[in-house]
Amino acid sequence: MKSYHITEGGRLTLREHPVPEPGPGQVLVRMRANGLSFRDLTVLAGDYPLPVRPEVVAGCEGVGEVVAVGAGVTTLAAGCRVAFTVFPEWLDGPFGLDRAAQLGSALDGTLTEYAVAAERGLVRLPEHLSYEEAAALPLTTLTAWNALTGGRPLLPGETVLTSGTGAVSLAAVQLALLAGARVIATTSGPARADRLKALGAHEVVDRSEHAEWQLRVRELTDGRGADTVVHVAGDLERSVRAAALGGEIAYVGHRVGAAPTGRPLEAGLLFGAGVRVRPLAVGSRAQFTALNRALTVHRIRYHTW
């Protein structure tokens, strides 16, 4: 079997190994599809906030077919279609450093032909999705799900604001619509705006036409602002100013957006806005299971491309 390893200088090196055998409580998976994201680029660039083990197998998003199970495995069998959880030890509850070991950095990842995982580090795939359609579930889609469901409750009729047309934002648009929310999306350029409208966004604010886009969001919400803001990149100050009193900003990623003036975000602005900023890191196994249940019930084939 072949695997891609992260070697010195941020290079991907192809290596050959014997096919591993699952031990007690473990499952052997033949990989069928992988997702790639901005996270993988930051790992290769040496700009990732979590430790990266030398020679680790790269990649954290992957799905495949169970081909063998070890002693004591009770919930999976050969032939089951599964996805890997990015944080195999984060089963439920809040995130913590005691459960921060991650595939493709501290732990061997999914860019391999075969992979062994603990039974608890896998979840079943929705039956209606192909491997290719499900490949972005473990990181991209679960992050969007956590952004919308992991903090303050999102109620039908509330407003969700997303930023751009990256994979997390596109997933957030579709999941917010599933929850009955009104979706306002920001982007730049008519082609991207058309893409967001085709996905069902109720309003699209073109940043090339509205430099102070937070004011346009306020106008579209009759001055209230967005109840939930999925902030993926860009200007955090404008996201704060676009949020409703008592709203929440789900902060995706580890780079803090600069203020328009170049100054750090002022604490007084956060206090006055009455907004909670919630950093998040993908999601737990329990959240992944809930996401898959929602996709299954509604037969959603979401798009992140």
Side-chain angles (χ1 to χ4, degrees), residues 38 42 140 143-144 146-148 150-177 179-280 303-304:
F38 181 73
T42 63
T140 299
T143 297
N146 187 358
L148 296 172
R152 67 176 294 279
L154 176 61
L155 301 176
E158 289 190 333
T159 298
V160 170
L161 174 65
T162 66
S163 56
T165 54
V168 171
S169 295
L170 295 180
V173 168
Q174 295 162 88
L175 293 173
L177 292 171
R182 178 193 184 197
V183 176
I184 300 176
T186 68
T187 191
S188 56
R192 293 179 178 180
D194 290 343
R195 185 182 190 187
L196 288 163
K197 290 176 183 176
L199 287 179
H202 295 89
E203 303 283 353
V204 178
V205 178
D206 191 334
R207 295 190 298 267
S208 62
E209 298 178 0
H210 301 276
E212 299 293 330
W213 52 262
Q214 75 279 9
L215 300 179
R216 179 59 179 155
V217 172
R218 288 279 177 187
E219 291 176 4
L220 292 171
T221 56
D222 297 323
R224 173 182 171 81
D227 300 284
T228 298
V229 179
V230 182
H231 181 93
V232 177
D235 194 331
L236 183 58
E237 180 179 317
R238 285 195 170 95
S239 285
V240 171
R241 295 187 183 279
L245 182 67
E248 180 175 283
I249 296 174
Y251 196 96
V252 179
H254 69 282
R255 290 179 175 81
V256 177
T261 60
R263 296 190 301 268
L265 189 66
E266 295 182 0
L269 173 61
L270 282 175
F271 184 84
V275 172
R276 176 190 179 192
V277 178
R278 181 175 66 95
L280 58 97
H303 300 282
T304 58

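Both backbone and side-chain heavy atoms feed into the values below; hydrogens, waters and symmetry mates do not. Since this is a predicted model, take the numbers as computed values, not measurements.
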Discussion item. Within the structure provided, determine whether Leu196 and Leu170 are in side-chain contact (heavy-atom separation under 4.5 Å).
Written reply: yes
Practice prompt. Can you establish whether the number of heavy atoms outside Arg192 located under 6.0 Å from its atom CZ is more than 12?
Written response: no
Discussion item. I'd like to know if the side chain of Glu209 and the backbone of Val205 have a donor-acceptor N/O pair within less than 3.5 Å.
Written reply: no
Worksheet item: Just by modelled atom types, is the Glu158 backbone N or O under 3.5 Å from a matching donor or acceptor in the Arg182 side chain?
Response: no
Fill in: Rounded distance (nearest 0.5 Å) linking atom CG of Leu236 with atom CG of Leu270
7.5 Å
Response to the item:
The side chain to side chain donor-acceptor pair (under 3.5 Å) partner of Gln214 among Arg216, Glu212, His210 is Glu212
Discussion item. Pair Asn146, Arg278 - check side-chain contact (heavy atoms from CB on, under 4.5 Å), show working.
Written reply: CA-CA 11 Å; Asn146 187 358; Arg278 181 175 66 95; 3.1 Å; yes
Worksheet item: Counting N and O atoms only, with roles assigned by atom type, does the side chain of Asp227 sit under 3.5 Å from a partner on the main chain of Gly247, one being a donor and the other an acceptor?
Response: no
Worksheet item: How long is the span from the OG1 atom in Thr165 to the CG atom in Asp194, to the nearest 0.5 Å?
Response: 12.0 Å
Practice prompt. Measure the spacing between CG of Leu148 and OG1 of Thr143 and express it to the nearest 0.5 Å.
Written response: 11.0 Å
Worksheet item: At their closest point, which heavy atom of Ala201 faces which heavy atom of Ala185, and how far apart are they?
Response: CB-CB, 4.4 Å
Item to complete: Report yes if the side chains of Ser208 and Trp213 come closer than 4.5 Å at any heavy-atom pair, otherwise no.
Response: no
Discussion item. How close do Ala243 and Val275 get, counting heavy atoms only, and between which atoms?
Written reply: CB-CG2, 3.7 Å
Item to complete: State, to 0.1 Å, how close Ala172 and Thr162 come at their nearest heavy-atom pair, and which atoms those are.
Response: CB-CG2, 4.0 Å
Response to the item:
Nearest heavy-atom contact between Ser239 and His231 is OG-ND1, 2.7 Å
Fill in: Check: Val183 main-chain N/O paired with His202 side-chain donor or acceptor under 3.5 Å
yes
Discussion item. Looking at every heavy atom in both Leu280 and Ala250, which two are closest together, and how far apart are they?
Written reply: CD2-CB, 3.6 Å
Discussion item. Using a strict threshold of under 4.0 Å (side-chain N to carboxylate O), is an ion pair present between Arg241 and Glu237?
Written reply: yes
Worksheet item: Does any N or O in the side chain of Arg276 come within less than 3.5 Å of the main-chain N or O of Ile249, such that one atom is a donor and the other an acceptor?
Response: no
Worksheet item: Is there a donor-acceptor pair under 3.5 Å between the side chain of Ser169 and the backbone N or O of Ser163?
Response: yes
Item to complete: Specify the closest pair of heavy atoms between Leu161 and Ala226, including all atoms of both residues, with the distance to one decimal.
Response: CB-CB, 3.7 Å
